[in-house]
Amino acid sequence: MQLAEFGATPAGGVNRPALSEVDRRARRQFVQWCEALGCVVRADAIGNLFARFAGEDDHAPAVMMGSHLDSQPTGGKFDGAYGVMAGLEVLRTLHANGVRPPCPLELVVWTNEEGSRFAPSMMGSLVYTSQLPLETALSTQDIDGISVAAELRNGAGCDAQASVERPAAYFEAHIEQGPVLEAERKTIGAVTGAQGQCWFQLKLHGRAAHAGTTPMAMRADALVAASAIVIALDRIGREHPPGCATSGRLVVNPNSPNVVPESVFMTAELRHPDDAARGRMEASFRQAVNEVSNERGVRIEVDKVLEQPAAPFSPVCIRIVHESAAARGYPNRAIISGAAHDAVAMSRIVPTGMIFVPCAGGVSHNEKESATPEDLAAGCQVLCDSVLSHGRGVN
Ligand code: GLV
Ligand code: MN
Ligand code: MN
């Protein structure tokens, strides 16, 4: 709740854009909390923060845990922040009880998981796992032309710089962001993996014209073309269950009531657990874009800014999460993640597991996001047991 004060909105949510001033303040608070436990905190070149908690064998590879602190513009208190705070709670519990974990623990705050200010999502973890070039990430600009590099020059919240070596395993706690656990009265979801997704940015080039004097047949209206693409995306999503297709952002230029829109910037994203089905969705999407372009006389540029195949998680980590939940008597089930997470990026290079807890009504990316203290505490417990189990070499 203290963290949720950074960027708090009147409606009870959080607006904490990646690398904004409010995000930097949240990061500094995180660093202070970790340093109070004796952790050494470092930032890497993309601003990911790593807090190291010493282990009995401090030369052993670390077990890493964490999530992100940036939010959607009308985000909730829990998406991302919970996973970071759950990791902090693990470290506080070990510290308060004088327990040294078998291996070092690294608690990480990934930079810009949401991708809502700077595309793509999972930026920090994709750079860390060498799936996105650092230079590409640094030069990415937000809608006002401010780059990631420029924001990082204002400070990532921590002065010490380091490149942190790959851990033995990665665990991330997160609210489910969907309705399944709550509906089935399960406290813990042992995440088996995440569905694949791809993101596109489109630029539609029409022709500005007077709204009163330009006959309908003589227009090249970029917004009408964008609207047809939005409708096509909705159809494509419905035709490929359980796939999802969304356009979440449109920027219309010049955005004046009596000017036929000259250009539109828009986003599109496609998700499906089956990569082949997602491929068919992409083919339909590209066909729709071509048809709209021809019909409307609007030139359309399509830029794919993210492609992540479905990500199966490590059977060892999934089992550890299940067993940790069962040992504490928490009702649990296997579950697939519809959302993207930094764990998806990490799963490509190290054994990875995720722990889901229920959230009210399955609501997320919404200021009303909510979860019970009991479920959140259970997730912390399972995270703690899981990182210690992995560190002890239960695999
Ligand atoms: C992350 O928030 C996502 O878009 O799944
Ligand atoms: Mn998240
Ligand atoms: Mn999110």
Side-chain angles (χ1 to χ4, degrees), residues 3-4 7 9 13-18 23 26 30 48 65-87 108-126 132 170-181 189 191 193-201 233 237 242-249 267-273 278 305-311 313 335-347 352-359 362-371 376 379 383:
L3 194 60
T9 61
V14 170
N15 177 10
R16 202 159 52 225
D23 188 32
F30 166 82
N48 297 316
M65 55 185 174
S67 194
H68 61 99
L69 291 181
D70 65 309
S71 82
Q72 291 289 331
T74 53
K77 296 185 181 78
F78 299 94
D79 175 2
Y82 168 59
V84 175
M85 298 310 288
V108 56
V109 172
W110 301 109
T111 297
N112 182 33
E113 189 275 347
E114 294 292 359
S116 104
R117 179 178 182 199
F118 299 107
S121 64
M122 301 173 274
M123 181 178 273
S125 49
L126 287 174
L132 178 68
Y170 176 71
F171 288 91
E172 179 168 348
H174 208 284
I175 57 167
E176 180 200 337
Q177 306 184 277
V180 174
L181 296 177
V191 184
Q195 68 178 342
Q197 61 171 320
C198 45
W199 282 25
F200 304 89
Q201 293 183 341
L233 274 168
C244 298
T246 309
S247 177
R249 172 179 284 168
T267 61
E269 57 142 273
L270 304 171
R271 307 195 192 203
H272 203 291
R278 184 170 49 81
V305 293
L306 177 73
E307 167 116 52
Q308 281 287 322
F313 288 170
I335 190 165
I336 183 169
S337 175
H341 298 286
D342 296 302
V344 169
M346 287 299 279
S347 73
T352 291
M354 282 192 85
I355 298 147
F356 275 0
V357 296
C359 56
V363 170
S364 185
H365 284 190
N366 185 311
E367 289 164 283
K368 297 213 162 38
E369 207 174 68
S370 163
L376 295 167
L383 178 64

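Ligands are counted one by one from 1 in listed order, and the atoms in each one are counted from 1 as well.
Of the candidates Gln197, His365, Gln308, Arg271, Arg271 brings a heavy atom nearest to atom 4 (O) of ligand 1.
Around the Mn ion (ligand 2), the two atoms NE2 of His68 and NE2 of His174 are separated by an angle of 120°, to 10 degrees. Here Glu114 contributes OE1 and His365 contributes NE2, and at the Mn ion (ligand 3) these two atoms make an angle of 90°, given to 10°.
With hydrogens and angles disregarded, no donor-acceptor distance shorter than 3.5 Å links the side chain of Asn15 to the backbone of Gly7.
In terms of distance to the Mn ion (ligand 2), the nearest N, O or S atom of Asp79 is named OD1.
Set against the non-hydrogen atoms of Ala339, the atoms of ligand 1 under 4.0 Å away are 5 (O). Each of the following atoms of ligand 1 lies closer than 4.0 Å to a heavy atom of Ala340: 1 (C), 3 (C), 5 (O).
An N or O contact shorter than 3.5 Å is missing between Gln177 and ligand 1 by distance. Among the atoms of Gly338, none of the N or O lies under 3.5 angstrom from an N or O of ligand 1.
Note that CD of Glu172 is 3.5 Å distant from OG of Ser67, once rounded to the nearest 0.5 Å. Taken to the nearest 0.5 Å, the CG atom of Asp342 stands 5.0 Å off from the OH atom of Tyr170. Once rounded to the nearest 0.5 Å, the distance linking CE of Met122 with CD of Glu114 reads 10.5 Å.
Closest to atom 2 (O) of ligand 1 among all protein heavy atoms lies Glu114 OE1, 2.9 Å.
Under the 4.0 angstrom criterion for non-hydrogen atoms, Glu113 is in contact with ligand 1.
Within the 4.5 Å cutoff, the side chain of Gln201 has no heavy atoms near those of the Arg249 side chain. For the pair Leu270/Gln197, no side-chain contact is recorded, criterion being any heavy-atom separation below 4.5 Å from C-beta on.
The pair Glu307-Arg278 counts as a salt bridge, with a side-chain nitrogen and a carboxylate oxygen less than 4.0 angstrom apart.
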